[in-house]
There are 2 protein chains.
Amino acid sequence: MKSGQASISDIAKALGVSVSTVSRALKNHPDISEETCRKVQEYARRVHYSPNAMALALKQKRSLTIGVIIPEIIHHFFSSVISGIEDMAYGSGYRVMICQSNEDYLREMINVQALIDHRVDGLLVSISKNTLDHNHFRDVHQREIPIVFLDRVCYDIPSDRVITNDFEGARLVVTHLLERGCKKILHLAGPQHLSVGRDRYEGYRQALKENNIPFDEEYVLRCDTPVKLNSRRNQVLALAPKADAVFAVNDFTAVAAMRLLQENAFKIPEDIRVAGFGDDPIAAMVRPALTTVEQRGYDMGREAARMLINRLTDDKDKAFQTKTYPAFLKVRDST
Amino acid sequence: MKSGQASISDIAKALGVSVSTVSRALKNHPDISEETCRKVQEYARRVHYSPNAMALALKQKRSLTIGVIIPEIIHHFFSSVISGIEDMAYGSGYRVMICQSNEDYLREMINVQALIDHRVDGLLVSISKNTLDHNHFRDVHQREIPIVFLDRVCYDIPSDRVITNDFEGARLVVTHLLERGCKKILHLAGPQHLSVGRDRYEGYRQALKENNIPFDEEYVLRCDTPVKLNSRRNQVLALAPKADAVFAVNDFTAVAAMRLLQENAFKIPEDIRVAGFGDDPIAAMVRPALTTVEQRGYDMGREAARMLINRLTDDKDKAFQTKTYPAFLKVRDST
DNA sequence: TAAAATTATGCAAACGTTTGCGACACCCTA
DNA sequence: TAGGGTGTCGCAAACGTTTGCATAATTTTA
């Protein structure tokens, strides 16, 4: 025990027994006498023995660790996801390594490689906005490391998936706006190569179609962050007088839109209604409180972890499945 | 290479050389001929060889991993901290294992143990609200694993620390309120066993003292979350008519207070002014926008990681130091 | 041409575990 | 008293690396 950490063989030496005896004694193996068990365990406790997870992982060829790659931890949705993952993982004896891609393709690839190097048993991934190529995930798949995609999923790779019913959520919220009498709904859309961006866009179109409102390309702006909104403020302000509602692909952009409109003397919801997506806590705190679509991050994280751990243990070869969480409308004061 | 992952000895076997040759060839050791290097590296690339970090860690007795324990990832401050830590760590070849204590003492202890088991090279910690006993950190210290405390620090353990000047921040914001003419300032305080809670409280008192405003115990409420605020709403509403300002220990509580007051027909800032601490993004988004104290989470995380890595490499035995970030007042519409 | 130096490679130990198998020393039974 | 059973324990291999040292072949030097 040269440096702080006692090993099994330190204990063996100190007690004059073999390492195998110590190893067995520590887990109350029936081969070992009670007397020896007691002595070993007592000594182990005295020196604060803690098993070396690396050595274990090496031996057992599994690390009991799952890797998580999410775009940005600062978004409430993703931090809820992480909490869900952690709770489920810890409860099942797994550890979690969390990485952020920062919406960056290169960083995502680096993260994947780092997690592979660490021999994680499985991967939980929500892909970055700027990821168009999925070969790094294909690599993971070829290594027989199971992946569960979550929210921002990838349909190229055979895998389990956990998603919100984005299509239905968007359809619901837009239908709600139409029921309020809106005819011209501006959609601040997300990237169309992302499942969530596309599905919400299509839900928007579906709602229009169902209500016989003509679709107008001009009323769709690719704009999914407050920063982007700000850089397109003139365009938005030019459209706003003609529009009677804004549906943003997420709550942050919706709130930013609300502020922009309010600063320009629009009254919400009187002059123009605003809705978001995700039910970030901010939605309930701004004034007027934001109508949005609930997205259960914690539950989705938990479920994704459950599916992954399941595949790691019980049914390795079960058919892949996609779990879809229903979307619930949260009507507040902004619509 | 039975299961997906090729090892060094798989390469050795395939190429008819020894594992030591492969190991050296992979890192361009001068002992190995160019020819062999080329062959080995080419083959390694073909089979997607990636070194087993566990085996490496075992051999080298260091994992190039640092463990992070923070209370709750959903708080913007802490997720910024994490981003700062990650960027610095990745840039220096370190990996990061992130754990949440969820403000729970037991969970914090479990996290510490898990990170010890994983043989992290060092620890970055912001202690939980419910941690009164610090023996689990003393254990870490005895194992000669360096710790850097961050924001919520612990003075019992010899270690580096990174903090905000909470005292000064609170003094500034309260002074600002007094300059606005306030005389009765309600303080929604944090736990007094936490450095941040105590320092902000004392900053509040100091500001009063400097301005010859009598301190009144009745105007200090231990209440640092929206939930707690809600359960004490009657108490707050009883005090509000007599008070002319509220200073909350964090922005979430401040915003919750604003909403409570607004719902009860108080005008902000006309009837009562409200200030928070931390400059959470929500502070800029609510109306009126919240006056608060800036706290540079990203930079603090980066700095903490830098200090830790420094201690891990260069100067193991340098004297411990505490880095204090200055606090800046952000005056907005709520005061 | 023998000795010395150089070049390229392999052996084996070590890191901390787990685990199949074999080795004892007993005690019991027939 | 020989055979078998049982209760305790140790040996050694294996997991994937790195690295000091030995080895062998080749070249250089004197």
Side-chain angles (χ1 to χ4, degrees), chain A residues 1-41 43-44 47-65 93 116-121 143 145, chain B residues 1-41 43-44 47-65 116-121 143:
Chain A
M1 189 186 43
K2 46 213 88 171
S3 69
Q5 318 265 53
S7 77
I8 251 185
S9 78
D10 292 322
I11 302 180
K13 240 167 281 171
L15 264 46
V17 297
S18 74
V19 292
S20 32
T21 299
V22 174
S23 173
R24 292 189 172 103
L26 284 172
K27 34 185 73 59
N28 287 313
H29 193 289
D31 270 10
I32 306 299
S33 72
E34 274 193 43
E35 166 73 0
T36 310
C37 276
R38 199 187 45 70
K39 270 201 298 196
V40 167
Q41 292 178 9
Y43 187 80
V47 297
H48 292 145
Y49 168 74
S50 85
N52 186 321
M54 309 284 154
L56 241 165
L58 196 58
K59 188 86 206 355
Q60 324 253 54
K61 290 171 140 311
R62 59 175 197 161
S63 58
L64 288 179
T65 301
I116 288 178
D117 289 355
H118 266 262
R119 298 297 190 268
V120 293
D121 293 339
R143 292 179 132 93
I145 303 175
Chain B
M1 188 185 50
K2 46 213 88 169
S3 68
Q5 319 266 52
S7 77
I8 251 186
S9 79
D10 292 322
I11 302 180
K13 240 168 278 169
L15 263 44
V17 296
S18 75
V19 292
S20 30
T21 300
V22 174
S23 173
R24 293 188 171 104
L26 284 172
K27 36 186 67 63
N28 287 311
H29 193 288
D31 272 7
I32 306 298
S33 72
E34 276 193 39
E35 165 75 1
T36 310
C37 275
R38 200 187 44 70
K39 271 202 298 198
V40 167
Q41 292 179 9
Y43 187 81
V47 298
H48 292 152
Y49 168 74
S50 86
N52 187 321
M54 308 286 152
L56 241 164
L58 196 57
K59 189 84 208 348
Q60 325 253 51
K61 291 173 142 304
R62 58 170 198 166
S63 59
L64 287 179
T65 302
I116 288 177
D117 289 356
H118 268 261
R119 298 297 188 267
V120 293
D121 294 338
R143 292 180 133 91

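Because only heavy atoms are used, hydrogens play no part in the values below, and waters and symmetry mates are left out as well, while side chains stay in. These figures come from a predicted structure and were not determined experimentally. Reminder, nothing fancy here: chain letters follow the sequence lines and each chain counts from 1.
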Of the nucleotides [options], which has the atom closest to the [X] side chain?
| X | options | answer |
| --- | --- | --- |
| A/Ala55 | C/dT17, D/dT17, D/dG10 | C/dT17 |
| A/Ser20 | C/dT17, D/dG10, C/dG16 | D/dG10 |
| B/Tyr49 | D/dG10, C/dT17, D/dT17 | D/dT17 |
| B/Leu56 | C/dC15, D/dT17, C/dT18 | D/dT17 |

Report the distance from atom [atom1] of [X] to atom [atom2] of [N], rounded to the nearest whole Å.
| X | N | atom1 | atom2 | result |
| --- | --- | --- | --- | --- |
| B/Asp117 | C/dT17 | CG | P | 10 Å |
| A/Gln60 | C/dT17 | CD | C1' | 8 Å |
| A/Ile8 | D/dC15 | CD1 | C1' | 15 Å |
| A/His29 | C/dC21 | NE2 | P | 13 Å |
| B/Leu58 | C/dA14 | CG | P | 14 Å |
| A/Leu15 | D/dC9 | CG | P | 11 Å |
| A/Leu64 | D/dC15 | CG | C1' | 15 Å |
| B/Asn52 | D/dT18 | CG | P | 10 Å |

Just verifying a value: how many Å separate [X] [atom1] and [Y] [atom2], rounded to the nearest 0.5 Å?
| X | Y | atom1 | atom2 | result |
| --- | --- | --- | --- | --- |
| B/His48 | A/Ile116 | NE2 | CD1 | 9.5 Å |
| A/Glu34 | A/Gln41 | CD | CD | 10.5 Å |
| A/Ile145 | A/Arg119 | CD1 | CZ | 7.5 Å |

Base [N] to side chain [X], donor-acceptor N/O within 3.5 Å cut-off:
| X | N | result |
| --- | --- | --- |
| A/Lys59 | C/dT18 | yes |
| A/Ser18 | D/dC11 | no |
| B/Ser7 | D/dC15 | no |
| A/Arg24 | D/dG7 | no |

- request: Tell me, please, which residues at least two apart from B/Glu35 pass salt bridge (charged side-chain N to carboxylate O under 4.0 Å, His left out).
  value: B/Arg38

- prompt: Who passes salt bridge (charged side-chain N to carboxylate O under 4.0 Å, His left out) against A/Arg62, sequence neighbours left out?
  reply: none

message: B/Arg24: which residues meet the side-chain contact (heavy atoms from CB on, under 4.5 Å) condition with it, sequence neighbours left out?
response: B/Ser20, B/His29, B/Ile32

- request: Specify the residues of residues 31-39 of chain B, ordered by number, for which at least one heavy atom lies under 4.0 angstrom from an atom of DNA chain D.
  value: none

Contact check, side chains of B/Thr36 and B/Thr21, non-hydrogen atoms, under 4.5 Å: yes

query: Hey, are the side chains of A/Ser33 and A/Lys39 touching, using non-hydrogen atoms and a 4.5 Å cut-off?
result: no

message: So, OP1 or OP2 of D/dG16: does either fall under 4.0 Å of a side-chain N or O from A/Lys61?
response: yes

field: Contact under 4.0 Å: A/Ser23 side-chain N or O vs C/dT17 OP1/OP2
entry: no

task: Using the test side chain to side chain donor-acceptor pair (under 3.5 Å), find all partners of B/Asp31 that sit at least two apart in sequence or belong to another chain.
output: none

- prompt: If you fit an axis to the five pairs at each end of the helix from C/dT1-D/dA30 to C/dA30-D/dT1, how big is the angle between those two axes, to 10 degrees?
  reply: 70°

- prompt: Going by atom types alone, do A/Gln5 and A/Asn52 pair a side-chain donor with an acceptor below 3.5 Å?
  reply: no

